[in-house]
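So the structure is just underneath, and the comments pick up after that.
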Amino acid sequence: MVKLDNNPWRTVSLNAEGTRLRLVDQTKLPNELVWLELSELEEVWQAIKTLAVRGAPAIGVAAAGGLALAARRIIAPDFPEFYQKFCRCKAYLASARPTAVNLGWALERLKRKALENKQRSLVEIKAALIDEANAIRDEDIRCCRAIGEAGLPLLANCRAVLTHCNAGQLAAVQYGTALAPVYLAREQGLNLHVYVDETRPLLQGARLTAWELAQAGVEATLICDNMAAAVMAQDKVDAVIVGADRIAANGDVANKIGTSGVAILARHFRKPFYVAAPGSTIDLDCRSGKNIIIEEREPEEVCELWYSRRMAPAGIGVYNPAFDVTPAELVSGIITERGVIYPPYSENLAALFKPVGGPKKFFM
Ligand code: MRU
C-alpha cells in the first residue's frame, strides 16, 4: 500500500477541522507528489474537471467534501433559502463530469442528509453534512477492502493479471477497486504480477497505476494498449481485472476508453474478465449501457499533451471519448463489497443492490 507522506491512507479527505479538502494532484504524478488543499467550490469543480482528482470513487468522495465545504459557507436566514443555494452548488459540482455515477450518487447523499435534518439549526445541518462527507470517505475505504477480500479468491491461482486505466488507491481513498485484491495478495505475501495497459490518451496506467504499484512494491510490467493481445496470446496473464465508472442494471460496464477492447480480447483468449466496483458505481436506474452518457474530451489530449511538439497535423479531426461500454456478456463477474455477482446480471445486481423501499443506500 502506498504511503503518501504524512497522510498515509487518504488520497482524498477533508481536514480534521472540516475546512479544506486535501487531495493528491494526480496530474503531477509520477514525477511529483503534490497535495492540493481546496476550500472553494470552483476549485473542487476544476480539480474534478481537469482530473487532478479522478477515478469514480475518488470523484465521489471529493464531490461530497466539496459540497459540504460549500454548504458551510452559505449564508441564509432559514432552511428554504439555505437549501436553494445548496442545490445550486450541488448542480454545479454535478456538471464537472458526466460518466462516473459516484459523483451524482455522493451529491445525492448529501442532499438527503440536508433534507433529513431540515428541522435542525443551519449550524447543525452544516455539521451533519461534513459528517456525511467523512462517512462517504470511510465507507469507501471499507468497501474497497471488502472488494479486495471478495476478489482475492478469484485470483488465488493466477500468476499475473492485466489491468486497464487506474482503479487503484489513487482512484479511491485506499486500496482501490481493481487493485484491491492485488494489494491484499501482497499483504498475504502472495506474488501477483500486474500487466498495466498505459491507457491512451491520458496514460492513467503508465502514470498512476505503474507508480502506485511500484510504491507498494508490487511487481508490474507496463505495456502499450496495443500490446494486450500479444500478452494474452503469449499466456502471460491469467485474468483481466478493471474498475468501472457506471454499471447499468443489465451489467453493461462503462469504464475508461479501451476497456471494451480488452474485454473482447479476453473472451477470444479465454481469460476471465472481472470488473471490481463498489455499490455506489452500480446504477440500477440506468437500464443498459446505451443510456450512459460518455464524456468527450479535448483533441489536445490526443495530439499534443505528452509530446514536445504537436504529433498530428493541425486541423485533423479528433474523436476523444473518455469511456466505452463493455457489454455485460463479456463480463465474467462483478466484484463488489457484498460479494461477486455473476450473470444473469439483470437479476443478480438487483437482488444484491436494489434498495428495499426508499432511496438507495450503500452503507456497510
Ligand atoms: O477519466 P478517469 O481517469 O476518471 O477514468 C477512470 C476510470 O475509468 C477508472 O477505471 C474507473 O473510474 C474505475 S476507478 C476505481
Side-chain angles (χ1 to χ4, degrees), residues 11-12 23-27 29 47-63 96-106 140-141 143-148 151 162-183 194 196-213 225 240-247 253-263 273-283 289 292-298 301-302 305 320-326 331 334-337:
T11 54
V12 191
L23 51 90
V24 174
D25 183 349
Q26 298 190 41
T27 64
L29 289 170
I48 296 172
K49 181 78 183 169
T50 61
L51 275 55
V53 58
R54 52 142 299 283
I59 290 172
V61 174
R97 295 189 75 189
T99 305
V101 68
N102 304 61
L103 174 60
W105 169 87
D140 183 71
I141 297 172
C143 281
C144 287
R145 171 98 200 170
I147 287 171
L162 183 142
T163 192
H164 190 75
C165 192
N166 172 265
Q169 180 176 2
L170 288 164
V173 182
Q174 193 185 352
Y175 301 108
T177 55
L179 295 189
V182 174
Y183 288 132
V194 183
V196 180
D197 276 356
E198 66 175 351
T199 317
R200 282 273 292 158
L202 289 180
L203 304 184
Q204 288 93 333
R207 293 186 301 110
L208 306 175
T209 303
W211 179 82
E212 66 163 88
L213 289 175
D225 298 333
V240 175
I241 185 162
V242 298
D245 286 82
R246 192 181 295 249
I247 300 176
V253 173
N255 193 50
K256 181 51 50 192
I257 191 71
T259 302
S260 64
V262 177
F273 179 90
Y274 298 115
V275 173
S280 51
T281 303
I282 297 167
D283 185 358
I292 299 176
I293 299 172
I294 300 293
E295 176 184 18
E296 285 188 36
R297 297 184 63 91
E298 297 304 313
E301 290 180 352
V302 176
L305 190 57
N320 184 16
F323 301 94
D324 60 22
V325 174
T326 300
V331 178
I334 298 176
I335 306 165
T336 75
E337 71 274 24

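Each ligand, and each atom within it, is numbered from 1 in the order the structure gives. FYI, side chains are in, hydrogens and waters are out, and symmetry mates aren't considered; it's all heavy atoms of this structure.
Put simply, the side chain of Gln174 never gets that close to the backbone of Cys144: no donor and acceptor are under 3.5 Å apart. The backbone N or O of Thr199 sits nowhere less than 3.5 Å from a side-chain atom of Asp197 that would complete a donor-acceptor pair.
Checked for salt-bridge contact, Asp283 and Arg246 meet the test: a charged N lies under 4.0 Å from a carboxylate O.
Across Asn102, Thr336, Asp140, a single residue satisfies side chain to side chain donor-acceptor pair (under 3.5 Å) together with Ser280, and that is Asn102.
Applying the salt bridge (Lys or Arg N to Asp or Glu O under 4.0 Å) rule to Glu298 yields no partners; only residues at least two apart in sequence or on another chain are considered.
Within 4.0 Å of ligand 1, the residues that place a heavy atom are Arg54, Gly55, Ala56, Pro57, Arg97, Cys165, Asn166, Ala167, Ala171, Thr177, Gln204, Gly243, Ala244, Asp245, Asn255, Lys256, Phe323, listed by chain and number.
No more than 12 heavy atoms of other residues, nucleotides or ligands lie within 6.0 Å of CD1 in Ile293, so this atom counts as exposed by the packing criterion.
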